[in-house]
Structure formats: C-alpha cells, structure tokens
Amino acid sequence: MPPAQWTHENIDYMRNQLKRLGFGYDWDREVATCDPEYYRWEQWFFTRLFRKGVVYKKTAMVNWDPVDNTVLANEQVIDGRGWRSGAVVERREIPQWFLKITDYADELLNDLDQLDGWPEQVRTMQRNWIGRSEGVEMHFGIAGREETLSIYTTRPDTLMGVTYVAVAPEHPLASEAAAGKPELQAFIEECRNSGVAEAELATQEKKGVDTGLKAVHPITGAEVPIWVANFVLMAYGSGAVMSVPAHDQRDYEFAQTNDLAIKQVIHPASDAQVADLATAAFVEKGVLQDSGEFSGLSSAQAFAAIGDWLEQAGKGARQVNYRLRDWGVSRQRYWGCPIPVINCPACGAVPVPEADLPVLLPTDVSVDATGSPLKKMDAFINTTCPECGGSAARETDTFDTFFESSWYFARYACADKTDGMLDERANYWLPVDQYVGGIEHAVLHLLYARFFNKLMRDEGLLDPDEPFTCLLTQGMVLKDGTKMSKSKGNTVDPQGLIDRYGADTVRLFTMFAAPPDQSLEWADSGVEGAYRFLKRLWKMAQQHVAGGAVPELHKDGLTDRQQALRQRVHATLAKVSDDVGRRYTFNTAIAANMELMNEMGRLDDASGQGRAVMQEALETVVLMLSPIVPHVTHVLWHALGHEQAIIECSWPVVDESALVQASIELVVQVNGKVRGRISIAADAGKAAIEAAASGEENVLKHIADKPVRKIIIVPGKLVNVVI
RNA sequence: GCCGGGGUGGCGGAACUGGUAGACGCAGUGGACUCAAAAUCCACCGGUAGCAAUACCGUGCGAGUUCGACUCUCGCCCUCGGCACCA
C-alpha cells in the first residue's frame with residue numbers, strides 16, 4: 001500500500017476512535033504533518049534558518065548496510081547486523097544537515113529552572129543530556145611535528161598524572177599513523193564494523209592500539225604514547241582524551257590491560273578516604289603531590305592554577321563544554337518532508353526560494369525493498385539552480401520526523417492560515433497550559449520542541465520562551481513486558497472493547513488501571529469490574545428516581561446514619577477534588593467513588609430526609625464522575641431532575657460543616673505495634689487521650705508491669721505508648 | 001556502560017508530609033435467588049499457629065537512622081524507559 005494512503009487511512013481510523021471515546025477535541029484545528037499545507041511552513045522556516053546561519057552541513061556517521069545499500073536506523077541494527085540482509089553493518093560518513101542547537105545549550109539549560117510545572121525527573125534528564133561541564137581545552141605537542149593535539153578535560157588538576165593520550169579511531173591522527181602499520185589499520189577497520197549507537201559503543205569491550213606517536217606534555221614536556229581507543233568518541237570534545245589511570249576508572253582498567261604506566265598525583269584530603277591504587281583508581285578530589293610547582297594545592301586550587309598556567313603559556317584556555325551535539329535533521333528516507341535545498345555544482349547548496357515552496361514529496365512512487373525511491377527519481381532530482389540558472393540537483397534527503405512534531409502545537413493555534421506559518425493567535429494560545437506525552441519523549445522530543453520554540457521566538461513568530469507550562473509524562477502502556485510499538489507488533493486496539501462495553505466503560509477502566517505517570521501492563525481482565533460499577537450506578541440512580549419527588553434537605557435534622565453518609569459524601573468530594581485537580585491520580589478518585597457507592601448502598605432509608613441525603617449523594621457522585629464517564633452521567637443528571645446539561649455544570653463544592661465529626665477512632669500502638677483502637681471525642685485533650693489509650697484492654701496486657709517511658713500522640717491518627 | 005524510573009497478595013494497584021501495610025477493583029472460594037444457567041446480591045479472601053480472642057512473620061536483598069520505615073540513608077540484585085536514524 002502506498003505510504004500516503006496508509007497514513008491517511010490510519011488517521012481516519014484514529015479520528016473515528018477518538019470521537020467514539022468522546023474526547024472533546026476541536027477538530028477544526030486538526031493538522032496532518034504529511035500534508036503539504038503543513039510541511040511547507042517548516043520548509044519555509046528551514047530556508048530562513050539557512051540564511052540566518054543556524055543551519056549547516058557536515059559529514060556524520062550512519063549505519064550502512066553494504067548488502068541492501070541503504071542507511072539503517074539504530075533500531076534496525078541487531079547485534080551489529082542489518083535486520084533484513086543480516087550483513088555486518090559498517091559505519092559510513094555522509095554529508096548531512098544540522099541545526100545549531102548547541103548555540104542554545106545555555107538557554108535550554110537555564111530555562112529548565114523556570115519550568116516548575118514539569119516533573120523533576122524530566123528536568124534532570126534534560127540537564128544531564130545537555131551535560132554542561134567546565135574544564136580546560138589544551139594543546140599537547142606531537143613529538144617531531146609542528147601540529148598539536150587538542151584535548152578537553154574536566155580534571156586539569158590531574159594533568160601531571162597523564163601517562164598516555166587516546167584518540168578516536170576516526171581521528172585524522174589515527175588514520176595518518178596507520179600508514180604502513182597493518183595492526184593499527186586492522187584495528188581502525190575493526191572499529192568501523194559497529195553501529196553508531198552510543199549504547200553499543202559504550203558497552204563494547206574497551207580496546208586500543210599504540211600509534212607509535214608520542215604526545216608532548218604541555219607543562220613538563222615529557223613524552224607519552226598516543227593510542228587509538230574505541231571508547232573515545234569523535235563527536236564529543238575534540239575526539240582525543242588525556243588519560244590519567246590513577247584517577248579515572250576507565251583509564252585505570254585500560255592501563256592495566258595494556259601495561260601502561262599509572263602515576264598517582266592526587267591524594268586523599270582527609271584520613272576518612274583511602275587511595276588504594278592496587279585495586280582501583282582514586283577518582284575523588286584531593287590534594288596534589290608529585291606535581292611539580294602545583295604540589296600541595298587542593299584539586300580546586302590546582303584547577304585554577306593549571307588553567308592559568310596553560311593560558312599564560314598560550315597552550316590552552318578554560319572552556320565550557322556540552323555533551324549536547326547539534327541536531328542532525330537529514331534522513332535518507334522517502335516518507336517525509338523534503339529538505340528544501342538545491343545542490344548546484346557552481347553555487348553549492350542553495351535554499352529553495354520562497355516562491356517555489358513547497359517542495360512537494362512525490363506520491364506516485366514505487367517503493368521497493370531498498371533505499372529511498374526519491375534517489376532514483378530523475379524528475380524530482382533534476383532542476384535548475386535558483387542563483388545561476390544552471391542545471392542542479394535537488395536534495396533527496398527528508399527531515400527527521402521530530403522536525404514535524406517540534407512545532408505542531410503552535411500550528412494548532414492558526415491551523416487555517418494559508419499565507420504564513422503562524423500569526424498573532426499563536427501568542428494568544430501559547431504557551432500550552434498542560435502538555436501530555438509519554439515519558440519516552442522526556443529528552444529528545446521535548447528538547448527539540450523547546451529548541452524550536454526558541455528558534456520561532458527569535459524569528460519573531462511568537463513571544464513565549466518556553467512552549468509547555470505544565471507537563472504530565474504518561475507512563476507507557478506495556479504489552480508482554482515491553483513498550484507497545486508498531487515496529488514490535490504488540491499494540492492493543494481498544495476498538496473491540498468499545499464495541500462490546502461502550503466508550504464510558506473503556507474510559508473508566510483505562511483511568512482506573514493505574515495513575516497516569518506510571519507504566520502499566522495492559523490486561524483486559526479488569527474491564528468487567530468497570531462495567532459492573534457503571535451498571536450499579538445506573539440502577540441505584542434509577543431506583544432512587546422511581547421513588548418520586550424528593551423533599552428539601554434539612555442539614556440540622558438528620559439522624560446519625562444520615563449525617564454519617566453526608567460526612568462521607570463531602571469527605572469523598574474533598575479527596576476526589578484533590579486527586580483530580582492536584583495529583584492527577586484518577587485511579588484513586590474512581591476508587592473513592594466506588595467506596596462511597598458501597599456506603600450509599602447500605603443506607604436503605606426511604607424517609608424524606610433519607611431520600612434527600614441520597615439525592616445529594618447521587619448528584620455529587622454523578623458530577624464527580626462526569627469528566628471520566630461523560631455519556632452515562634449526562635443521562636443520569638437529567639434523570640435526577642436537572643434541566644441543564646451536566647457538561648455546563650461546575651464542579652461541586654465541599655460543605656465544610658458536613659465534615660465535622662463528634663468522635664473519632666484512634667489507633668493505639670505499644671512500641672510501634674498496633675495493639676488496639678479507641679473511640680474518643682474529636683476534641684479530646686492530651687490527658688484524656690493518654691488515659692483512654694493506656695486503659696484499652698489489649699494495650700494494658702502488653703504494658704503489663706513495665707513502666708511507660710513516654711506517649712506519642714499523632715493528632716487524629718494514633719497514640720504510641722513506649723515502654 | 002551512562003542518565004531517569006520502578007520492585008507491595010494469584011493479578012492491576014492503595015497507603016499523599018516518617019504514623020493502622022494491602023483501600024478499590026480483578027480472579028478465586030462459600031452462600032442466597034433460579035428447574036437450571038446467566039445476571040444480581042451477601043460473606044470470606046497475604047503467610048504460619050489457633051475454635052476464637054490473638055500472636056508471630058511479611059512491602060526485591062543486606063545493613064543503618066527512629067518511639068515508629070513501603071516511605072529516609074548506605075551497599076547490592078532484578079526490571080522498564082532513554083542514549084541522538086523507532087518516534
């Protein structure tokens with residue numbers, strides 16, 4: 001099936017299902033990111049960023065399947081082999097487009113502090129992802145050469161303990177040194193035979209080979225060997241690291257395996273710590289020794305002193321570094337938004353002029369097994385250069401789909417706009433008050449969307465600094481213990497349940513299963529319970545209504561049982577208001593309503609005031625449940641005698657006077673173990689509570705003849721007698 | 001490997017700020033109703049001992065802090081998500 005047809009059919013199916021579930025979306029604002037009416041504006045925006053210099057092209061590593069001749073996603077590389085061909089995957093460098101997200105690293109980091117409505121764990125993950133560090137960038141000499149080797153370190157205090165230097169296999173120095181060295185060549189070749197995913201690189205066995213070259217220590221002038229190591233990442237820092245095996249565990253292990261020197265220069269600052277280099281590196285900060293003029297300084301002092309020394313000697317400078325890398329937006333795929341660039345042999349890469357946008361993605365394509373069909377379509381590729389008019393080739397890469405999802409929320413505000421990306425309505429609606437998304441998006445999507453928001457702000461398209469004021473990260477729905485996903489084929493379609501039980505039951509069941517921020521193993525088995533509960537509610541309301549007119553409620557003339565039920569109604573309302581409004585724990589809100597319903601079923605009071613209390617209870621339950629089960633409560637609200645539709649009603653208000661209780665139950669513990677319960681006046685004083693507690697029969701038994709050392713009272717909850 | 005979560009009955013989960021562990025629901029067991037079944041209603045439902053009252057044990061494992069720990073601290077195990085081309 002053609003991708004366009006498949007996508008639109010899926011959208012239609014989902015829209016229909018969401019409508020059947022009764023979600024209150026404004027469908028006039030619907031956008032489909034695969035429609036040219038949508039993606040033309042990100043093409044337009046990209047060309048603006050291009051001219052502004054936010055966009056640039058450089059080569060980057062991809063997974064290359066040499067049999068299928070195609071680029072593979074990390075997900076498609078299984079145990080180092082292509083998922084379809086089974087061929088050993090190679091790393092290959094190809095030119096790609098990047099957005100300078102690192103220019104915004106500081107702002108993206110600092111603004112996290114303002115996002116009070118975000119879960120702390122998501123902010124922490126983003127902070128760690130951005131990974132700001134302060135260190136020193138310095139230049140090691142290379143023995144017998146003019147050029148130098150750039151190295152970034154966050155621990156300049158350990159500089160005097162350097163015993164070797166390691167570079168990435170892709171480092172120019174590595175390939176240079178490999179000439180005439182078969183062993184080194186073979187090692188670099190071996191490193192090419194792995195995927196590009198960080199997880200893969202980080203878990204592989206740490207290996208390296210000596211280049212034979214020597215690096216010259218910037219301070220001592222001593223020569224240390226330069227190794228090529230598979231754990232050094234070309235993409236981070238300068239692709240080279242200084243190694244201090246005495247004070248870094250990875251360097252320590254590498255030095256042990258490869259018989260490299262270990263030189264201790266940091267010693268514990270206090271007797272509480274020990275540095276035993278026979279077993280492990282000493283990675284803490286401490287006091288320098290064997291460090292020449294820096295000996296005796298603390299790590300913090302040495303950081304400054306060594307930084308100053310290098311700066312004065314012109315051999316380095318203090319530098320802030322980020323783990324965050326620029327965002328590669330090129331994909332060698334067909335189904336996506338074409339990158340609006342024309343490659344001219346004379347003028348280079350030229351953005352498509354605004355008048356020629358959008359660059360339409362052809363839909364009349366034949367999709368075969370390998371590679372993007374765009375790369376074989378001469379009619380799409382052949383064009384003329386907008387600058388010189390000569391013949392030129394259209395870019396065949398498409399955008400990362402995160403590009404689309406990074407600004408759709410803004411487009412919702414002006415989805416019908418045909419002559420621009422956004423208008424002033426974006427400022428009216430944005431930022432989004434409450435954003436809901438899966439926890440799997442905690443870093444990538446949510447960071448790209450924040451970045452895009454700032455880009456749009458700097459282009460004058462909108463005002464807010466941040467796109468989402470409050471964030472609720474949903475846990476994932478798991479099936480068979482793992483994330484549901486199309487590629488795993490373990491998705492669950494609720495359509496069958498909707499057909500059988502109706503939308504309200506499915507909504508209730510879904511909300512009752514677990515709190516929204518927690519992951520959940522999907523199982524149909526609880527659905528019956530949700531269905532039964534709604535039937536019970538229906539029956540209870542209908543039976544009550546069948547009893548005829550209900551007199552007005554007189555709060556002061558109620559029996560104890562009537563009063564007790566009213567107390568429960570308002571206590572439940574208070575709890576549910578908090579659960580729904582503050583905690584978002586809809587499961588406990590539903591459970592509280594179930595408990596209340598169990599109590600209501602026990603009242604069985606046909607008197608006028610009994611029915612009045614029941615009327616209030618039913619109305620409160622129906623109102624509390626109306627956001628969760630809107631259809632059944634809509635009907636019941638009318639049945640309970642109201643003209644107005646329930647969707648127009650406001651949330652009920654707690655009657656504080658109904659919450660007052662004359663006597664309360666306290667748990668009595670002896671040494672922290674529950675030994676009994678006492679019922680006592682709610683306003684009883686300390687002495688009365690102590691007397692009642694220590695007089696309880698089972699408590700007396702446990703105290704026996706031992707002296708009571710103290711009595712702890714937790715108001716409204718418990719009494720602990722300590723003996 | 002690194003970053004962030006999670007681990008509580010047969011199952012999903014509750015216990016919100018250190019104060020009654022297992023709310024609520026599912027499954028199960030027993031009973032009522034029925035010719036019967038379904039539906040519905042009632043009771044029981046962590047383990048061990050006991051007729052019971054009750055006692056002891058029990059929140060992944062091991063230590064610790066506290067009158068009191070599912071909750072806090074330290075160390076470990078397992079598991080889920082993310083790791084830049086799944087989106």
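Numbers restart at 1 for each chain; the letters A, B, ... are given by sequence-line order, proteins then strands.
- Checked against B:A84, B:A87, B:G19, the side chain of A:Thr401 finds its nearest nucleotide in B:A87.
- As judged by a 4.0 angstrom heavy-atom cut-off over every strand, A:Thr203 is placed among the base-contacting residues.
- B:G58 and B:U48 have their P atoms separated by 15 Å, given to the nearest Å.
- One finds no side-chain N or O of A:Arg92 lying less than 4.0 angstrom from the OP1 or OP2 phosphate oxygen of B:C85.
- Across the interface with RNA chain B, nearest-nucleotide mapping of A:Ile94 and A:Arg582 shows A:Arg582 to be the residue nearer the 5′ end.
- Residue-level contact check: A:Val667 touches the bases, meaning some heavy atom is under 4.0 Å from a base atom.
- At B:C16, none of the side-chain N or O atoms of A:Arg583 fall inside 4.0 Å of OP1 or OP2 (strictly under the cut-off).
- For RNA chain B, the neighbouring residues in residues 440-447 of chain A, judged by any heavy atom under 4.0 Å, are A:Glu440, A:His441, A:Leu444.
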Output, in order, the C-alpha distance, side-chain angles, deciding distance and verdict of ring pair (Phe, Tyr, Trp, His ring centres under 6.0 Å) for A:Phe254 and A:Phe231.
-> CA-CA 10 Å; A:Phe254 191 81; A:Phe231 55 83; 5.3 Å; yes
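- Looking at A:Tyr408 and A:Glu404, their side chains never bring a donor and an acceptor atom within 3.5 Å of each other.
- The shortest distance between the side-chain N/O atoms of A:Arg123 and the OP1/OP2 oxygens of B:G4 is not below 4.0 Å.
- One finds a salt bridge joining A:Arg323 and A:Glu198 here, because a Lys/Arg side-chain nitrogen approaches an Asp/Glu carboxylate oxygen to under 4.0 Å.
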Are there any protein N/O atoms within less than 3.5 Å of an N/O atom in nucleotides 30-32 of chain B, and if so, which ones and at what distance?
none

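- Ring centroids of A:Phe452 and A:Phe403 are separated by less than 6.0 Å, placing the two rings close together.
- Checking B:C85, B:U20, B:G25 against every side-chain atom of A:Met594, the shortest atom distance belongs to B:G25.
- Across B:G12, B:C24, B:G4, the shortest atom-to-atom separation from the side chain of A:Met125 is found for B:G4.
- OP1 or OP2 of B:C57 lies within a sub-4.0 Å distance of a side-chain N or O belonging to A:Lys673.
- For the pair A:Asn720 and B:U66, the criterion of a side-chain N or O lying under 4.0 Å from OP1 or OP2 is not met.
- By the 4.0 Å N-to-carboxylate-O rule, A:Glu690 lies close enough to A:Lys686 to be salt-bridged with it.
- Across all strands, A:Ala523 comes closer than 4.0 Å to no nucleic acid atom at all (heavy-atom distances).
- Counting non-hydrogen atoms under 4.0 angstrom, A:Asp517 reaches nothing in the nucleic acid.
- For a distance-only test at 3.5 Å, the side chain of A:Arg532 fails to qualify as a donor-acceptor partner of the base of B:U40.
- Using a 4.0 Å heavy-atom criterion, one finds that A:Val721 contacts no nucleic acid atom at all.
- Between the side chain of A:Gln96 and the base of B:C85, a donor-acceptor pair under 3.5 Å is found.
- A:Arg84 and A:Gln76 share no side-chain donor-acceptor pair at under 3.5 Å.
- The backbone N or O of A:Val283 lies less than 3.5 Å from a partner atom in the side chain of A:Arg155, making a donor-acceptor pair.
- Residue A:Ala197 has its side chain nearest to B:A84 when only B:G13, B:G81, B:A84 are considered.
- No side-chain heavy atom of A:Trp129 sits less than 4.5 Å from a side-chain heavy atom of A:Met125.
- Residue contacts for A:Gln669: at a heavy-atom cut-off of 4.0 Å it reaches a base atom on one of the strands shown.
- Remark on RNA chain B: of its neighbouring residues A:Asp400 and A:Lys710, the 5'-side contact belongs to A:Lys710, judged by nearest-heavy-atom nucleotide.
- For the P atom pair drawn from B:A39 and B:U29, the interatomic distance equals 14 Å after rounding to whole Å.
- Here salt bridge (charged side-chain N to carboxylate O under 4.0 Å, His left out) pairs that include residues 706-723 of chain A, with residues two or more places apart or in two chains, number zero.
- Here the nucleotide nearest the side chain of A:Gln121, chosen from B:A14, B:G5, B:G12, is B:G5.
- Residue A:Ser330 is classed as a base contact, given a heavy-atom separation below 4.0 Å to a base.
- A:Gln518 comes within contact range of the sugar-phosphate backbone alone, with a heavy-atom separation under 4.0 Å but no base atom that close.
- Rounded to a whole angstrom, the distance from the C1' atom of B:U59 to that of B:A32 is 37 Å.
- A salt bridge does not link A:Asp326 to A:Lys100: none of the charged side-chain nitrogens sits closer than 4.0 Å to a carboxylate oxygen.
- Note on A:Asn598: only backbone sugar-phosphate atoms sit closer than 4.0 angstrom, heavy atoms only; bases stay farther off.
- Considering only side-chain N and O atoms, A:Asn587 lies nowhere under 4.0 angstrom from the phosphate OP1 or OP2 of B:G25.
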Which donor-acceptor pairs under 3.5 Å do the side chains of residues 670-677 of chain A make with protein atoms, sequence neighbours left out?
{"from": "A:Asn671", "atom 1": "OD1", "to": "A:Ile723", "atom 2": "N", "distance (Å)": "3.0"}
{"from": "A:Arg675", "atom 1": "NH1", "to": "A:His702", "atom 2": "NE2", "distance (Å)": "3.4"}

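- Nucleotides B:C72 and B:G19, compared at atom C1', are 14 Å apart to the nearest Å.
- Nucleotides B:A87 and B:G82 are separated by 12 Å at their P atoms, to the nearest Å.
- Distances from the side chain of A:Arg675 to the nucleotides B:A14, B:C16, B:C56 place B:C56 closest.
- Set against B:A84, B:G25, B:C16, the side chain of A:Lys575 has B:C16 as its closest nucleotide.
- Ranking B:A84, B:G12, B:G4 by closeness to the A:Thr124 side chain, first place goes to B:G4.
- Checked by atom type, the side-chain pair A:Asn321/A:Ser133 shows no donor-acceptor distance below 3.5 Å.
- Within the 4.0 angstrom heavy-atom criterion, base atoms lie near A:Glu198.
- Using a 4.0 Å heavy-atom criterion, one finds that A:Phe231 contacts no nucleic acid atom at all.
- Separation of the C1' atoms belonging to B:G62 and B:G9 is 24 Å when rounded to the nearest angstrom.
- No salt bridge links A:Arg92 with A:Asp65; every basic N to acidic carboxylate O contact stays at or beyond 4.0 Å.
- Within the structure, every side-chain polar atom (N or O) of A:Lys535 is placed at least 4.0 Å from both OP1 and OP2 of B:A39.
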Base-pair map of RNA chain B as dot-bracket, where | denotes pairing with a different strand and pairs are Watson-Crick or G-U under 3.5 Å = (((((((..(((......[....))).(((((.......))))).((((....))))..(((((..]....))))))))))))....
What side-chain donor-acceptor pairs closer than 3.5 Å can you find for residues 523-542 of chain A, not counting sequence neighbours?
{"from": "A:Asp524", "atom 1": "OD1", "to": "A:Trp522", "atom 2": "NE1", "distance (Å)": "2.9"}
{"from": "A:Glu528", "atom 1": "OE2", "to": "A:Tyr501", "atom 2": "OH", "distance (Å)": "2.8"}
{"from": "A:Arg536", "atom 1": "NH2", "to": "A:Asn598", "atom 2": "OD1", "distance (Å)": "3.2"}

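- Centroid-to-centroid, the aromatic rings of A:Tyr448 and A:Trp327 come within less than 6.0 Å.
- For the C1' atoms, the distance linking B:A69 with B:U20 amounts to 14 Å, nearest Å.
- Between A:Phe402 and A:Trp407, the ring center distance fails the sub-6.0 Å criterion.
- Of the candidates B:U54, B:C85, B:C3, B:C3 carries the atom nearest the A:Asn128 side chain, counting heavy atoms from C-beta on.
- Across B:C85 and B:G13, the matching P atoms stand 32 Å from one another, rounded to whole Å.
- Contacts of A:Trp129 with the nucleic acid, taken as non-hydrogen atoms under 4.0 Å apart, include base atoms.
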